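Structure first, commentary second.
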Amino acid sequence: MTQQELFDAAKAAVVAADEDQAVAVAQEAVAMGLDPVRVIAEGFTPGMREVGDLFERGTMFLPEVIIASEAMVAAVAVLEAHLPADKKEKKAGVVVIGTIEGDVHDIGKGIVATLMRVYGFEVHDLGRDVPLVSYVQKAREVDATIIGSSALMTTTMMGQKTLEKLLKEADIRDRVRTMVGGAVVTQYWADKIGADAYAENAQEAVQKALELVAG
Amino acid sequence: MTTIRTRMGDGHAVEMTADEIRSDVVAGTEDAADRGRIPALTEQECDWLVELFCRSDRVVGVDQGHEVVLTDDGSVNALYGAQSSSGVGVPVSREMGIRVYERAFCMDSMEVGHPDYSFKPVRPIVALEQQAMESTLLSTIVPMYYGAMPNLALYARPDGPFPNPADLLPMGKIDEARAAQEEAGEYCFRDMVYVAKKMWEVGADGINFDTTASAGDVEFLATLRAVEQVAGSTGLTIEVGMAAEFVLGMHGKVAYQGTRLAGLYPHEQVKLVEAAGAHVFGPVVNTNTRRSTAWNVSRAATFVKACSEAATIPVHANVGIGVGGVPMCETPPVSMVTRAGVAMVEIGKADGL
């Protein structure tokens, strides 16, 4: 098997959500003496990206996405054992996420939280109907890099504006990046309230989060 | 260069040239064709849409003879709720509101619905809802549906007795999440059938399963089963309106009559809705707030056209805030709402809106 063939096999294993195959490919990479960082970056990660695209298009479904992410985690664990200490995979960032107080719609937010975990973020999901002060408290407690809030209703989206104010009053706004989403939320609203990012769907939310932590 | 004032998917005004509008119309239909694996609009249809968006008329309408059935769902929330301030709009009762829709707004059929608008909360107060339905029937002429949402999410914690799949899935408890949804779906099915039969008892003309599959494929399955049961045991006209353009795979494995439900697009959804015994189908196509209304309307018309061609029952496309090409904003501009409606009829061949 050539290096490129192995990268293709790694990607295919993740897209097929086949944990045994993903682990076998990772072991083969180790046996071939390949750089584990390149195997992750050029094999397994593109596979996960394709999984996200397929989910966004409605041709792959949430349980399969989670099984695919477990396949990737198992494969990366094999490769990590052969990484030098300074190259061990680090978490992408720490996310505090929840649906704004007064709003119980959390299916979309839950999908965003799940995909963010898949992409290596440490996610603290506060659930639904979350008091605004809870975002601030949790962000302090876990030293969050991103705070994500979701609102499905025009009545609750105002909470996202108040949250921006509370973060400033708590003197932590400059230490976190804020993301907003939900059916009624738009880029215009994000700009208006001073949020750092808005995403149209779960896959875009992950991409925006990765861009935010990359600086 | 001459520009046309139009709108983005979030409602903002934007100036575009005719060439830019054409480019968006073509891109919109190609996106729908790619995602739904359906035919894109023809060049003539794209030309027609470009002309529609380049017209200076603020309000547009269908050609004479092409008029379609108009139905209001969500009861009269849009009347007594103020869209722009989230407060009280016109303080009228449900019955008065429905009569306003019938006699002033010329709706061809209407809906009685509780403000909670889900079958689960209606079940314990169904006797009161029966009274409201009966009273409304006595003072109106147009066909009257009872409408509510299946809303499977209300059966999961903290609102219901079953574990929440949104909690279980991130923990990797996939079998448990699937089992919880299946159990919840059974109760959702029972509530829909119970309420429908009660409405049939008081003379309702129809039942509207609105915003179907909002919580995914299990909710769609519960609704299809309820349609089958209600069609077989009542004379109600049954409408199934969807929540989104494709069925979200929160379970991923459930099937109806051998067809996996997750990931189905409108032209596929309608075949199952027909098979279950429904009489009217309401497809939904979501609006992308970052693209122009021309892009969104072209895309929505492509999906609705494929759905209408596949259907043997009437197709009543959803054309409202954030769906059917209408911008996602609290009070969508009438220029864009009417263009979306006209496109659904003239290009999408919808039988109603």
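This is a predicted model, so every value here is computed, not measured. Reminder, nothing fancy here: chain letters follow the sequence lines and each chain counts from 1.
Atom CG in B:Asp217 sits 7.5 Å away from atom CZ in A:Phe61 (nearest 0.5 Å). Rounding to the nearest 0.5 Å places CE of B:Met171 at 10.5 Å from CD1 of A:Ile66. For the atom pair B:Arg290 CZ and A:Glu204 CD, the distance stands at 4.0 Å (nearest 0.5 Å). A distance of 7.5 Å separates CG of A:Asp125 from CG of B:Asp167, quoted to the nearest 0.5 Å.
The minimum heavy-atom distance linking A:Phe55 with B:Phe246 is given by the pair O-CZ, 4.1 Å. When every heavy atom of A:Pro63 is checked against every heavy atom of B:Gly249, the shortest pair comes out as CD-O, 3.2 Å.
Using a 4.5 Å cut-off between heavy atoms, B:Arg291 makes no contact with chain A at all. Residue A:Ile67 touches chain B through both its backbone and its side chain, counting heavy-atom pairs closer than 4.5 Å. Using a 4.5 Å cut-off between heavy atoms, B:Asp34 touches chain A through backbone and side chain atoms alike. Of the atoms belonging to A:Arg57, heavy atoms from both backbone and side chain fall under 4.5 Å from chain B. In this structure, chain B has heavy atoms under 4.5 Å from both the backbone and the side chain of A:Glu56. With a 4.5 Å cut-off on non-hydrogen atoms, B:Ile174 touches chain A through its side chain but not through its backbone.
Within residues 155-164 of chain B, the residues that have a heavy atom under 4.5 Å from a heavy atom of chain A are B:Arg157, B:Pro158, B:Asp159, B:Asn164, listed by number. Contacts between residues 130-149 of chain A and chain B, counted as heavy-atom pairs separated by less than 4.5 Å, involve no residue at all. Residues of residues 6-16 of chain B lying under 4.5 angstrom from chain A, judged on non-hydrogen atoms, are B:Asp10, B:His12 in numerical order. When the heavy atoms of residues 177-195 of chain A are compared with those of chain B, the residues falling under 4.5 Å are A:Ala183, A:Val184, A:Thr186, A:Gln187, A:Tyr188, listed by number.
Annotation: A:Tyr119, atom OH; neighbour count of heavy atoms from other residues, nucleotides and ligands within 6.0 Å is above 12. Residue B:Lys173 places its NZ atom among 12 or fewer non-hydrogen atoms of other residues, nucleotides or ligands, all under 6.0 Å distant.
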